[in-house]
Novice: 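Quick one: structure below, then a few questions.
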Amino acid sequence: MLIKNNGTNPITMNLRDGSSYVLQPGVPTSVPDAATTMIDDSPVLIALFNAGTLTVTTDAGGAFSGFPTVVNSTDSAAGKLLTVHAKVGAYGSRTLVDSTGASVGGNSTIGSRIAPVSSGSIVANLPIFTAAVKNTMQRKSPTIVLINGDSTEAGFGVGSGNNGFVGARKSTHAAQLARMLGWNDSGVVGAGCGTDVALNLYDERASISGAGLTVQGNVGALGSGWVMFANGSVGVYSITPRGNRGFDRVRVVYGRYATGGASSMSVLVGGTSIGTFDARGGTGLGDTQAVEFPCTYAGPHTPITIQGTSGTTDGQCIISAVIWYDSTDPGVIVLNGGASGAKIADMDSNSNPWAARFVRAAIAPHLNVLNAWINDTYYRTAPATYATKLAGFKTNAGIGVTSDIVYMGYQPINDASMTDGQGDAIWAALLAAAGSAPVIDLREVFGTTYAAAAALGIFGSDALHINAKGQYYKACGTAPRFAI
């Protein structure tokens, strides 16, 4: 049998016996009949065959349509097997080798457009993150993971109503990744909903009440900052943790106003005050604070409430994030920083005290997972501008100093920018900036073309945003990379 890769990138075809074939673009690869019957019937491979990206013919020229579930038992490919293997090197780079492990020579690097990723764990390349996890395992302090991203990370199209944002949080990539890895989904960042829905509808754990409260309708607009709500003198925000984990620490990240801020904000657990903080006295840009309160151990589903206790009616407090954990078993905490329309420039905005750069600094993540490709591709950011903004993000996020980073991107979309070179140009700029940092290429999860991805049934109401199934597939593809 001959299997041809009609795409532009090498594709690894796995067999159920554990072996695999690397199918080079435009080159028919001879595969024995017995091996053809063992092709892994994964959703990705089935989609590639059904989309025509992979096609099958017999040695005599007979063609099969779709996934090769039936083969011609009399057709022999003896002596025609292309003996080639993929050798995984540093940071997941791959080269073609023969059965002895020797290089086949020439241009043997697999996929000039494919990021240097590995299907195995990447934590060996994340020293700050692994050191933090070591402290967490010794029950000294929590490890914080912040997933910076666009609307596909926020959950556009995942839930119901209002562009699928109602009830979306629990099915986002960040939430599903946390469940798969046994990490803590014990925090909330005020981003994710664009102008589509209030945070209490997006996040099933949250409730908002009080005449003095202003719900931020554009909580997902990172250019305006990470904002959960702006509180006047009497508004109340409450979040009820889910799962089976209790807590004895509550951390609040908030922006202080230079004038007019609420003079006293109270934090309560189960209706009992555990402390207050003052939202006044801000000194301008960058005046974002993090305050942490101990409390008597609270069991699962005990509500955490933030409310104004005094201040003028026009006073406000910008709450950007709330994190809770058990100091005796702090765990790894995953925060979703996804936001509608976010480009790399928005993820490093500094336009006000609660802008993304300052909130990220106050959260102080040990690991940034940066998904910044779609909007810079879709809205056609100039590659040079993208490179400059990405360099600024790395510097301001303390990458390599206080935080590690994992880059992620290239989810297939049905847009001209995917095929006319814009997507490749942005991806090339990202790869150049990545250096030795791990990169997760989402084409390895969804396939290399929009048609292959669509065949998986992962898209919601449009050809860009993935649904809950797509978020699950993404988490399945990323979770093994963080195995410790």
Side-chain angles (χ1 to χ4, degrees), residues 145-181 183-209 215-222 224 226-229 237-243 301 303 319-322 333-342 346 369 371 374-375 378 408 411-414 442 445-446 453-454 456-479:
V145 176
L146 176 62
I147 300 182
N148 299 88
D150 47 48
S151 54
T152 62
E153 290 298 327
F156 186 114
V158 171
S160 61
N162 293 60
N163 286 332
F165 272 126
V166 176
R169 186 214 63 86
K170 61 182 177 294
S171 297
T172 61
H173 170 227
Q176 298 204 56
L177 181 68
R179 289 194 291 272
M180 289 181 183
L181 292 173
W183 291 355
N184 295 357
D185 185 19
S186 57
V188 58
V189 177
C193 311
T195 58
D196 303 294
V197 64
L199 187 65
N200 54 310
L201 298 179
Y202 169 74
D203 190 336
E204 79 286 357
R205 304 169 300 179
S207 65
I208 297 177
S209 63
V215 176
Q216 295 298 298
N218 63 339
V219 290
L222 271 181
S224 300
W226 271 324
V227 180
M228 290 201 302
F229 69 95
Y237 169 82
S238 182
I239 187 161
T240 303
R242 297 293 194 260
H301 306 280
I319 306 296
S320 295
V322 180
I333 299 172
V334 183
L335 300 174
N336 182 356
S340 294
D346 300 312
V369 180
N371 186 357
I374 283 183
N375 285 320
Y378 186 79
M408 179 170 64
Q411 172 210 301
I413 59 177
N414 189 21
L442 293 176
V445 178
F446 299 122
L456 301 175
I458 65 166
F459 288 100
S461 58
D462 58 35
L464 189 152
H465 297 96
I466 58 178
N467 55 24
K469 180 180 181 181
Q471 299 283 0
Y472 172 76
Y473 279 7
K474 185 193 294 186
C476 288
T478 58

Novice: Just checking Y378: does its OH atom have more than 12 heavy atoms from other residues, nucleotides or ligands closer to it than 6.0 angstrom?
Specialist: no
Novice: In sequence, state the C-alpha distance, the side-chain angles, and the governing distance for V445 and M408, and then conclude on side chain to side chain contact (heavy atoms under 4.5 Å, CB included).
Specialist: CA-CA 11 Å; V445 178; M408 179 170 64; over 6 Å; no
Novice: With distance as the sole test, does Y202 use its side chain to make a donor-acceptor pair with the main-chain N or O of A154 at under 3.5 Å?
Specialist: yes
Novice: Look only at the side chain of Q471 and the backbone of T152, and say whether a donor-acceptor pair between them is shorter than 3.5 Å.
Specialist: yes
Novice: So, does N375 use its side chain to make a donor-acceptor pair with the main chain of A342 at under 3.5 Å?
Specialist: yes
Novice: Step by step, work out the side chain to side chain contact (heavy atoms under 4.5 Å, CB included) result for D150 and N371.
Specialist: CA-CA 7 Å; D150 47 48; N371 186 357; 4.2 Å; yes
Novice: Would F446 and I466 satisfy side chain to side chain contact (heavy atoms under 4.5 Å, CB included), going step by step from the backbone distance to the final call?
Specialist: CA-CA 11 Å; F446 299 122; I466 58 178; 4.1 Å; yes
Novice: Determine yes or no for a side-chain-to-main-chain donor-acceptor pair under 3.5 angstrom, with N336 supplying the side chain and E153 the backbone.
Specialist: yes
Novice: Is the ring pair F156/H465 parallel, tilted or perpendicular, if the boundaries are 30 and 60 degrees?
Specialist: parallel
Novice: Side chain to side chain contact (heavy atoms under 4.5 Å, CB included), that's the test. Do V158 and T172 meet it? Break it down for me.
Specialist: CA-CA 7 Å; V158 171; T172 61; 5.5 Å; no
Novice: So, R242 side chain and K170 main chain: donor-acceptor pair closer than 3.5 Å or not?
Specialist: no
Novice: State plainly whether the residues D185 and R169 are in salt-bridge range, i.e. N to O under 4.0 Å.
Specialist: yes
